[in-house]
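These numbers come from the heavy atoms of this one structure, side chains and all, not from hydrogens, waters or symmetry mates. Quick note on labels: first sequence line is chain A, next is B, and so on, each numbered from 1.
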There are 2 protein chains.
Amino acid sequence: MGDLDITEVAKRSGVPASTLRFYEEKGLITSIGRRGLRRLFDADVLERLALVALGRDAGFSLDEIARMFASDGRPRIDRKMLAAKAEELDRTLLKLTAMRDGLRHAAACPAPSHMECPTFRRLMRAAASGAMSERTKKAPQPPRR
Amino acid sequence: MGDLDITEVAKRSGVPASTLRFYEEKGLITSIGRRGLRRLFDADVLERLALVALGRDAGFSLDEIARMFASDGRPRIDRKMLAAKAEELDRTLLKLTAMRDGLRHAAACPAPSHMECPTFRRLMRAAASGAMSERTKKAPQPPRR
DNA sequence: GTGCCACTTCAAGTCAACTTGAGGTCAAGC
DNA sequence: GCTTGACCTCAAGTTGACTTGAAGTGGCAC
């Protein structure tokens with residue numbers, strides 16, 4: 001009833017079966033049993049997966065996310081850690097916002113070459129000096145396939 | 001005169017020599033000769049490195065950045081590409097902003113478990129709907145090292 | 001009852017962007 | 001002219017998050 005086999009979970013969550021096995025091995029999710037060899041999951045694994053996705057998106061590593069789950073399976077998220085992550089995200093947001101504005105300007109800038117655009121050069125200097133980020137921090141990469 | 005050896009470039013740019021060699025191999029920079037074994041670079045390599053840093057920070061891959069340099073060595077940066085990157089950054093920003101607000105709330109939320117906090121659950125659903133369907137995009141990770 | 005085939009395990013491969021290590025070379029200082 | 005040491009090359013290692021491949025297994029349709 002509430003049990004879903006791995007294919008079902010994959011289908012409903014959009015997470016590939018190979019990743020589900022990988023997540024189980026990592027302790028991010030738990031299978032509730034087997035039908036033959038086939039893993040069975042409780043339906044609440046979907047919520048768990050959503051939480052994992054959330055953590056990933058917020059910039060937590062899988063290991064960090066794993067540490068957030070108590071042994072009883074309920075999320076036990078350190079509030080301090082959350083606040084710290086929010087802080088970090090906030091700094092990232094500032095930087096990315098500046099970057100977006102700069103890119104947008106450079107894209108619309110009438111200077112014959114970007115090297116002659118003051119805004120572009122300012123951005124460049126900022127990136128070079130590392131002034132925008134505390135240390136080398138990268139913006140999100142385009143989706144891998 | 002205008003020539004800098006690799007150590008000088010490393011010192012002035014903050015980019016390790018190993019990375020400079022790696023970048024040269026990738027075609028991101030070019031050395032103009034050797035003194036003995038030692039690479040010599042024209043001083044304008046510093047500007048080039050700044051450009052690479054900017055591209056990296058904006059979320060371009062090294063390969064993408066390499067493609068921005070035409071064969072003449074002058075940056076040939078497509079305004080459309082910049083605009084597209086700005087767009088992408090913008091979408092990321094929206095998501096990360098929501099995420100930051102959610103984290104901040106969750107950190108302060110009095111609910112015994114985050115799963116019982118309506119705001120947290122809403123955030124989770126939002127992340128699940130956005131992030132899982134397009135589940136390849138990650139927020140920036142904390143600085144390496 | 002038997003064959004199919006999607007699942008299983010485990011090891012190894014992939015990708016990006018570098019770094020590290022081993023073994024070699026050469027300009028320069030003494 | 002010999003030592004020194006920073007550079008050189010090339011190969012392999014690193015990290016995180018997975019994916020892929022080979023070989024095995026068992027529920028289900030026939």
Side-chain angles (χ1 to χ4, degrees), chain A residues 3-11 13-41 49 51-67 127 130 133 135-145, chain B residues 3-11 13-41 49 51-67 131-132 134-145:
Chain A
D3 300 0
L4 309 171
D5 80 6
I6 193 171
T7 330
E8 197 63 31
V9 175
K11 208 174 303 174
S13 66
V15 177
S18 67
T19 304
L20 293 174
R21 281 189 284 271
F22 175 71
Y23 279 3
E24 188 182 12
E25 197 182 342
K26 276 245 156 188
L28 290 165
I29 57 178
T30 315
S31 57
I32 206 71
R34 300 280 177 126
R35 180 161 55 232
L37 287 180
R38 202 162 298 195
R39 280 166 181 77
L40 293 177
F41 293 94
L49 284 170
L51 201 48
V52 170
L54 170 61
R56 261 178 40 103
D57 280 357
F60 292 97
S61 71
L62 294 187
D63 283 351
E64 283 177 306
I65 295 168
R67 265 179 258 124
S133 50
R135 266 289 186 222
T136 311
K137 190 182 260 180
K138 275 169 37 189
Q141 292 301 118
R144 297 160 300 151
R145 272 305 139 226
Chain B
D3 300 0
L4 309 171
D5 80 5
I6 193 170
T7 329
E8 199 61 34
V9 175
K11 209 175 303 174
S13 66
V15 177
S18 68
T19 304
L20 293 173
R21 282 190 283 271
F22 175 70
Y23 279 2
E24 187 182 13
E25 196 182 341
K26 276 246 155 186
L28 289 165
I29 58 177
T30 314
S31 56
I32 56 172
R34 299 280 176 125
R35 179 163 56 231
L37 288 180
R38 204 163 296 199
R39 281 166 181 77
L40 293 176
F41 293 94
L49 285 169
L51 211 43
V52 171
L54 173 60
R56 263 178 39 99
D57 280 357
F60 292 98
S61 72
L62 294 186
D63 284 350
E64 282 177 307
I65 295 168
R67 265 180 258 124
M132 293 184 72
E134 186 200 334
R135 51 167 256 87
T136 42
K137 193 174 278 183
K138 272 170 36 189
Q141 292 303 115
R144 308 156 297 150
R145 174 172 320 226

Practice item. Please name all residues satisfying side chain to side chain contact (heavy atoms under 4.5 Å, CB included) with A:Ala10, sequence neighbours left out, ordered by chain then number. Key: A:Leu20
Check your understanding: Quick one: A:Ile6 CD1 to D:dT19 C1', roughly how many Å, whole number?
Key -> 14 Å
Check your understanding: Could you write nucleotides 24-30 of chain C as a row of B, S and -, 5' to 3', where a protein heavy atom under 4.0 Å of any base atom gives B, of only sugar-phosphate atoms gives S, and otherwise -?
Key -> BBSS---
Revision key, fill the gap. Atom CZ of B:Phe41 and atom C1' of D:dC8 are separated, to the nearest Å, by 12 Å
Review point. Please give, in whole Å, the distance from C:dA6 C1' to A:Asp5 CG?
Key: 10 Å
Please list, one pair per line, the donor and acceptor atoms closer than 3.5 Å that link side chains of residues 25-37 of chain B to other protein atoms, with sequence neighbours excluded.
residue : atom : partner : partner atom : Å
B:Lys26 : NZ   : B:Asp63 : OD1          : 3.0
B:Ser31 : OG   : B:Glu24 : OE2          : 2.4
B:Arg34 : NH1  : B:Leu37 : O            : 2.7

Review point. Which of residues 18-26 of chain B have a heavy atom under 4.0 Å from DNA chain C?
Key: B:Ser18, B:Thr19, B:Phe22, B:Tyr23
Check your understanding: For the atom pair CG (B:Leu4) and NZ (B:Lys11), what is the distance rounded to the nearest 0.5 Å?
Key -> 11.0 Å
Point to revise | For the student: nearest non-hydrogen atoms of A:Arg56 and A:Ile65, plus distance | key: N-CD1, 3.5 Å
Exercise for review: Using whole Å, report how far CZ of A:Arg38 lies from P of C:dA6.
Suggested key: 9 Å
Exercise for review: Quickly work out the B:Glu8 CD to D:dA6 P distance and round it to whole Å.
Suggested key: 15 Å
Point to revise | Protein-nucleotide distance (B:Glu64, atom CD; C:dA17, atom C1'), rounded to Å | key: 14 Å
Practice item. Go through the structure and list residues passing side chain to side chain contact (heavy atoms under 4.5 Å, CB included) with B:Thr19, not counting sequence neighbours. Key: B:Val15, B:Pro16, B:Tyr23
Practice item. Report the distance from atom CZ of B:Arg39 to atom P of D:dA6, rounded to the nearest whole Å. Key: 17 Å
Check your understanding: In whole angstroms, how far is the C1' atom of D:dA17 from the CZ atom of A:Arg56?
Key -> 8 Å
Study note, to complete from the structure: Among C:dT9, D:dT9, D:dT19, the one nearest any side-chain atom of A:Pro16 is D:dT19
